[in-house]
Each structure stands twice: as C-alpha cells, then as structure tokens.
Amino acid sequence: MSTHKVDRRQRIGDVAEIMLDYVEHKTTYQAQTTARVRTASYTDPDQWKAEIELIFRRVPLMLGFTAEMPHPGDFKAMEAMGLPVLISRDKSGQVRAFLNVCSHRGAPVAAEGRGNCARFICKYHGWTYAQDGKLIGLSEAATFGDVDRAGLALRALPCEERGGMIFVCLTPNAPMDLDHYFQGFLEDFEAVDFANWAYLGSRVIEGANWKIAFDGYLEGYHFASLHPNTIEPRTPSNRTFYEGFGPSMRIGFPQHRIAEALKDIPRDQWGDQENNGFDFVRILFPNVSAFLAPEITQVAQLFPGPTPDKNRTVLHYLRRDPIRDDADRESVESMMNFFRDVTYQEDYVIGMEIQKGLESGAHDNLTFGRNERGNQYFHEWLNWYLQDDPTLPEPVM
C-alpha cells in the first residue's frame, strides 16, 4: 500500500476524531474571522460573464463519469456553458472530447444524449468522423473538390479520465494539469474504486444564480432550520470540518451517532468508516458537489445560466452495484426522485427567494460566519480567478 493511501486513511481517521469532538462539545470548524461578499456578486451580469470566461472556460470541469460510458464506442453529447461537447471512448479505450461541430457547415455530428457507435455521421450532409475525431468520409467526395482531411478533424478539447470521472477544459489547446489542480484530492475517488461504480441516471433541476445554489452545498449551518425532517435526523446542524485541496474541498459532516458508531472500532481503523458515523461532501471547484454513499450517491453538477439569475443543475446518481432487476430499477428511480425533490423543494426554492431578496437592494453585502469557512474559501478562490493574475497568492484553508 502506498504511503499516500496510508496518509489518506490516517487523515480521515484524524478528521473523524475531530468531528467526534465537535458533536460531544457542540462546536465546529472556525475561520479566523467573518467575511463579507458583495450582494452584487450574485446579480451583476458583468461578473457572471467574467466567471464563465475566466473560470468555467479555463479550469478542468467534471463533465462525465467513467460509469456513464465504460465501453469502447460509448459517447456522451451534451451542452456545457453554451458549447456543444462530444465525449467519446475510442476503440483502444481512451476517452477524448471535442466540440460537437462538423467542420463542413457547423452542424452537430452526434445527437445530445448517450450512445455507442463506431463513427459519427453528421445528419446535415453525411460527413463521417472516427471515434478519435478524424474526418474519414465525405459523401459524394468526387463532386466536392479537394480538401485537407487531416485539417478538418473535429476540434479537440483537453480531456483526461481520472478517479472514475472525465475532466474537460472547454478551451481548445488550453493547459490542463489535474495533479496540480486537485492537489491529491482525486485519490479519494480512486480509493473507493469510483470508476467501477454503476451509473443509475440523472435528474435536472433549475434554480437561482449558480453561487446562491452552490453556497448551500458548502455548510451545514442550515440543517436544523431548513432540513428538520430530511437531513437533521442523521446529521447535526453546524458541526462541520473543512479541508482544502487547491480550490476544491472535502467537507466532513459527523452524524448524531458518531460516538456510538466508532465506540467499538479500533482507532487506527476509523479512516475506513466513511458513512458509518460521519460523511463527506466532496466539492470539485467550481461547480460539483458529490455525496458518496453506498446506498445511492448524488453528484450535483451546477451550470450557470442561461441568465445571471439562473442555474441548471444536473443531479447524477451512482452506486457500487449495478441494477439487479425491474423491482430494483423501480426502487432506484423512486429514490432518485426523492433526492431530486428534497434538493429542489428544500434548497433551490429558498435559493430563488434569496435571488429576489438580493435583487431588491436591501443589503450591500452578505456576511459569512466563522462557522461557514467553506463558503468563505469558495468565494476567496472565485475572486482569485476573477483577478486573472496567477502571481497573486492562492487562498489557503
């Protein structure tokens, strides 16, 4: 076993011990000070455009799961930040990403959704592309005239598959260094063998400005008041531990029963007890929140837009075991609907009310408490990217 893996287990065990203390002494992680964020940050169209240009089109975005397209020939076509994106697994098993735009006249070469095919054929004039994006066929080539086929491949996007997830940068030829960006965080997903989990399906919900929605995933201060019947029975309010991995975060949430859950387990095994006494929400900056649970995992993927006051969130669902039969599929579908409804009715509805409140001009700033360090950290990184100056010191947790 590598030292990294030992370090990771040991670290999670240490975090479990801290969270046990939080529950026993009714305390939580504390930032050095409170922090203010301008209300305009959630309403200003210029900032919204800058976030898309300086963050969403530059950093690695998690756009798919290995489990969504595990086989050679599998593909996923989607819209991301207004761009048509095609992710394809070629016959050697390598995943690639392209702009889903034919080089002839600009039509899509694959319909939105998932599928499996040996080649992509543009529905407009039948130009044909291989799984690796190369142009391999022109319909009625004899009458078309000479073209440089090599120069007419689909436009590639930087793409890499790690830890059961597919990361894409939406700018062609942009540098993408996942190790630097995630600072060892992807090991968490490798450790649970996330690449071999089963993809169950997705649901889509819409809400307020993407940061209003995302702020809700970053703290547990609201559990008692907003989720008294759904989350609070499992997880106490305002007992949270934060760790930063570059701009991403691992947020620890102890369960009420943490002391009982860990009482008979040797201390050196606490690092293997995730979901037994404590849980983590893993935040992949800028827009993904993953709650890995054995029964069913929800991974929320937030996309800004189509206007500054709105977001579109895709809720993906996975678990370790594939669907067994029709009855199992039915119960999984109802579980996905339940999680979607809770997320929408309890979190996104109040988010839309918050949007109206912020647009009213009632307050110039919002205040994040010392107990809301995750929100502070997120906004610090957001501002770091918006300043567009890599020589500035990076925020630290």
Side-chain angles (χ1 to χ4, degrees), residues 11-37 39 42 207-208 211-245 248-263 270 273-283 285 289-293 298 300 302 339 342-351 353-354 357-358 363 365-382 395-397:
R11 176 65 183 156
I12 288 176
D14 293 345
V15 170
E17 189 166 11
I18 292 166
M19 291 194 288
L20 174 62
D21 185 70
Y22 285 172
V23 171
E24 289 181 336
H25 294 101
K26 295 189 165 35
T27 184
T28 189
Y29 191 104
Q30 297 273 272
Q32 290 171 336
T33 176
T34 60
R36 300 172 91 184
V37 170
T39 303
Y42 300 89
K211 296 187 302 293
I212 290 177
F214 208 53
D215 275 331
Y217 292 95
L218 305 179
E219 44 88 4
Y221 183 37
H222 67 280
F223 289 174
S225 43
L226 196 65
H227 305 298
N229 305 313
T230 46
I231 296 178
E232 210 282 331
R234 174 188 180 105
T235 308
S237 220
N238 204 29
R239 309 280 175 262
T240 315
F241 187 78
Y242 293 104
E243 300 165 272
F245 297 81
S248 297
M249 279 181 270
R250 185 166 61 199
I251 309 178
F253 293 97
Q255 298 168 12
H256 289 285
R257 59 182 288 275
I258 185 170
E260 176 200 336
L262 299 178
K263 126 174 139 269
W270 286 14
Q273 297 304 308
E274 181 174 352
N275 303 131
N276 179 36
F278 61 91
D279 301 295
F280 290 108
V281 167
R282 291 173 171 85
I283 299 296
F285 187 87
S289 168
F291 173 44
L292 304 183
Q298 177 174 287
L302 285 78
F339 281 112
V342 166
T343 307
Y344 181 76
Q345 290 158 9
E346 297 187 5
D347 290 286
Y348 278 50
V349 167
I350 198 169
E353 294 170 347
I354 290 168
L358 300 186
H363 305 288
N365 296 287
L366 302 185
T367 305
F368 288 102
R370 291 182 62 202
N371 59 334
E372 296 175 304
R373 178 60 188 141
N375 302 79
Q376 296 184 12
Y377 190 70
F378 168 69
H379 286 277
E380 287 164 14
W381 271 101
L382 195 79
V396 288
M397 185 62 82

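Taking the side chain as every heavy atom from C-beta outward, Gln255 and Arg239 never approach each other to under 4.5 Å. Here the side chains of Met397 and Met249 are in contact, with some heavy-atom distance below 4.5 Å. Contact annotation: the side chain of Leu20 never approaches that of Pro254 to less than 4.5 Å [non-hydrogen atoms, C-beta and beyond]. Looking only at side-chain heavy atoms (C-beta outward), Val23 and His256 stay at 4.5 Å or farther from each other. Residues Thr27 and Asn238 have side chains not in contact (no heavy-atom distance under 4.5 Å, counting atoms from C-beta outward).
Taking both residues in full, the closest heavy atoms of Ala208 and Gly351 are given as CB-O, 3.3 Å, listed atom of the first, atom of the second, then distance. Here the closest heavy-atom approach between residue Ala224 and residue Ser237 is recorded as N-OG, 2.9 Å. What you find for Thr39 and Asn365 is that their closest heavy atoms are OG1-N, 3.3 Å.
A distance of 11.0 Å separates CE of Met19 from CG of Asp14, quoted to the nearest 0.5 Å. Between the CZ atom in Arg370 and the OH atom in Tyr29 there is a gap of 11.0 Å [rounded to 0.5 Å]. For the atom pair NE2 (His222) and CD (Glu346), the distance works out to 8.5 Å, reported to the nearest 0.5 Å. Atom CZ of Arg257 sits about 9.0 Å away from atom NZ of Lys263, to the nearest 0.5 Å. For the atom pair Thr240 OG1 and Ile251 CD1, the distance stands at 7.5 Å (nearest 0.5 Å). In this structure, NZ on Lys211 lies 7.0 Å from OH on Tyr42, to the nearest 0.5 angstrom.
A donor-acceptor contact under 3.5 angstrom links the side chains of Asp215 and His379, judged on distance only. The closest side-chain donor-acceptor pair between Gln273 and Asn276 falls under 3.5 angstrom. Looking only at atom types and distance, the side chain of His227 has no donor-acceptor partner in the side chain of Glu232 under 3.5 Å away.
For Tyr242 (side chain) and Leu218 (main-chain N/O), a donor-acceptor pair under 3.5 Å exists by modelled atom type. Side-chain atoms of Glu372 come within 3.5 Å of backbone atoms of Gly369 as a donor-acceptor pair (strictly under, hydrogens ignored). Side chain of Thr28 to backbone of Asn371: no donor-acceptor contact under 3.5 angstrom is found. Between the side chain of Ser289 and the main chain of Tyr217, no donor-acceptor pair closer than 3.5 Å is present.
Relative orientation of the Tyr348 and Tyr344 rings is tilted, given thresholds of 30° and 60° on the angle between their planes. Taking the six-membered ring for Trp and thresholds of 30 and 60 degrees, Phe241 and Tyr22 have ring planes inclined between 30 and 60 degrees apart.
Under the rule for a side-chain contact (heavy atoms from CB on, under 4.5 Å), the partners of Thr367 that lie at least two apart in sequence or sit in another chain are Thr34, Arg36. By the ring pair (Phe, Tyr, Trp, His ring centres under 6.0 Å) test, Phe339 is found to be paired with no residue, residues two or more places apart in sequence or in another chain being considered. Residues forming a ring pair (Phe, Tyr, Trp, His ring centres under 6.0 Å) with Phe280 (at least two apart in sequence, or on another chain): Phe278.
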Residues Trp270, Ile12; criterion side chain to side chain contact (heavy atoms under 4.5 Å, CB included); working and verdict: CA-CA 7 Å; Trp270 286 14; Ile12 288 176; over 6 Å; no
I would like to know whether Asn275 and Leu292 meet side chain to side chain contact (heavy atoms under 4.5 Å, CB included); could you show each step before the answer? CA-CA 8 Å; Asn275 303 131; Leu292 304 183; 5.6 Å; no
Stepwise side chain to side chain contact (heavy atoms under 4.5 Å, CB included) check, Phe285 with Trp381: CA-CA 9 Å; Phe285 187 87; Trp381 271 101; 4.1 Å; yes
Can you list the steps and then say if Ile283 with Phe214 is a side chain to side chain contact (heavy atoms under 4.5 Å, CB included)? CA-CA 10 Å; Ile283 299 296; Phe214 208 53; 3.6 Å; yes
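Under 4.0 Å is where a charged nitrogen must lie from a carboxylate oxygen, and between Glu243 and Arg282 no such pair does.
For Phe223 and Phe253, the ring centers sit closer than 6.0 Å to each other.
Around CD of Gln30, the count of heavy atoms belonging to other residues, nucleotides or ligands within 6.0 Å exceeds 12.
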